[in-house]
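Comments concern the structure below.
All chains are named by letter (A, B, ...) in the order of the sequence lines, taking the proteins before the strands, and each is independently numbered beginning at 1.
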Amino acid sequence: MNRPEPDSRDLFAIADLAKEFGISTRAIRFYEAKGLLAPERVGATRIFRRRDRARLILILRGKRLGFSLRDISDYLSLYDADRSQQVSLLIGKVDERLASLQAQLSDLQTTISELKEIKKLADERIKQAG
DNA sequence: ATTCTCACA
DNA sequence: TGTGAGTA
């Protein structure tokens with residue numbers, strides 16, 4: 001395979017990025033298949049530039065924050081088109097995500113309370129029996 | 001070593 | 001949302 005020159009600071013092979021970010025080359029190709037990345041090609045080999053690498057970083061950050069690839073894709077698509085619409089979309093998605101996390105937190109707190117109550121009653125029964 | 005596709009969870 | 005296998 002023709003790989004980008006090792007010393008060329010803004011050309012990356014798929015394996016370079018996979019290694020750098022601790023993800024599989026399969027995952028990177030998957031993101032491309034989903035339209036989140038569009039690296040150049042030299043024949044069949046993907047050539048990633050700094051811009052592609054920056055997009056990958058945004059993708060991974062979005063994932064960490066719990067957004068779907070679809071959400072991330074929608075957001076990235078607006079980078080060139082409409083920046084203010086991109087910001088609006090971001091605000092909406094963040095609010096949505098925040099609400100979802102708050103709901104999950106609430107559910108967890110309820111579950112934790114129930115478990116603590118069960119434990120409390122169980123502990124009391126142990127004392128009576130023992 | 002890299003690419004693509006299909007099956008699979 | 002990815003992975004594994006087989007392929008060229």
Side-chain angles (χ1 to χ4, degrees):
Chain A
M1 293 305 302
N2 292 315
R3 314 181 81 240
E5 288 299 315
D7 63 306
S8 186
R9 240 123 297 177
D10 66 43
L11 298 183
F12 309 86
I14 188 170
D16 298 333
L17 297 179
K19 184 176 201 176
E20 178 177 4
F21 298 111
I23 59 181
S24 65
T25 55
R26 305 289 312 283
I28 294 176
R29 291 191 198 101
F30 183 74
Y31 300 153
E32 178 182 1
K34 290 299 179 183
L36 283 81
L37 292 171
E40 293 164 35
R41 298 291 185 124
V42 171
T45 304
R46 295 170 176 77
I47 303 298
F48 295 80
R49 313 200 79 109
R50 287 189 156 280
R51 178 184 183 75
D52 302 308
R53 182 173 170 283
R55 282 176 73 94
L56 179 56
I57 289 173
L58 287 178
I59 292 167
L60 297 178
R61 175 152 67 145
K63 281 170 47 61
R64 275 195 350 254
L65 296 177
F67 293 103
S68 66
L69 292 184
R70 180 52 190 279
D71 287 339
I72 298 169
S73 176
D74 291 343
Y75 174 76
L76 291 177
S77 298
L78 271 44
Y79 187 86
D80 298 306
D82 188 333
R83 287 308 193 66
S84 72
Q85 190 186 335
Q86 183 183 39
V87 174
S88 299
L89 178 73
L90 179 62
I91 291 174
K93 289 300 180 182
V94 167
D95 283 346
E96 203 173 279
R97 181 67 181 140
L98 238 22
S100 172
L101 287 172
Q102 292 290 356
Q104 285 185 53
L105 179 56
S106 175
D107 286 346
L108 284 174
Q109 289 170 331
T110 296
T111 299
I112 287 171
S113 292
E114 289 178 11
L115 289 172
K116 283 183 174 176
E117 182 61 18
I118 288 172
K119 180 175 171 52
K120 176 186 158 194
L121 295 174
D123 281 344
E124 288 171 3
R125 265 174 282 171
I126 282 186
K127 288 171 188 171
Q128 290 175 2

Is there a side chain to side chain contact (heavy atoms under 4.5 Å, CB included) between A:Ile72 and A:Tyr31 once you walk through the steps? CA-CA 10 Å; A:Ile72 298 169; A:Tyr31 300 153; over 6 Å; no

Stepwise side chain to side chain donor-acceptor pair (under 3.5 Å) check, A:Thr110 with A:Asp107: CA-CA 5 Å; A:Thr110 296; A:Asp107 286 346; 5.3 Å; no

Hey, is the side chain of [X] poking within less than 4.0 Å of OP1 or OP2 on [N], counting only N and O atoms?
X	N	answer
A:Arg26	C:dG4	no
A:Tyr31	C:dG2	yes
A:Arg41	B:dC4	yes
A:Arg46	B:dT2	no
A:Thr45	B:dT3	no
A:Lys34	C:dG2	no

For the CG atom of A:Leu37 and the CZ atom of A:Arg46, what is their distance to the nearest 0.5 Å?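 Rounded to the nearest 0.5 Å, the CG-CZ separation comes out at 9.5 Å.
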
Ranges pairing with ranges for DNA chain B, where each run has three or more Watson-Crick or G-U pairs under 3.5 Å: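 Ordered by first number, the stems with DNA chain B (at least 3 consecutive pairs each) read B:4-9 with C:1-6.
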
Do the side chains of A:Leu17 and A:Asp52 get nearer than 4.5 Å, heavy atoms only?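 They are not in contact (no side-chain heavy atoms under 4.5 Å apart), so the answer is no.
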
Test side chain to side chain contact (heavy atoms under 4.5 Å, CB included) on A:Ser113 and A:Lys116 and set out the steps. CA-CA 5 Å; A:Ser113 292; A:Lys116 283 183 174 176; 5.7 Å; no

Does A:Ser68 reach a base, just sugar-phosphate, or nothing at all? Heavy atoms under 4.0 Å.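 Sugar-phosphate: the residue A:Ser68, judged by heavy atoms under 4.0 Å, touches backbone atoms but no base.
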
For residues A:Ser77 and A:Asp74, is any side-chain donor paired with an opposing acceptor at under 3.5 Å?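 There is no such pair (donor and acceptor under 3.5 Å, judged by atom type) between the side chains of A:Ser77 and A:Asp74.
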
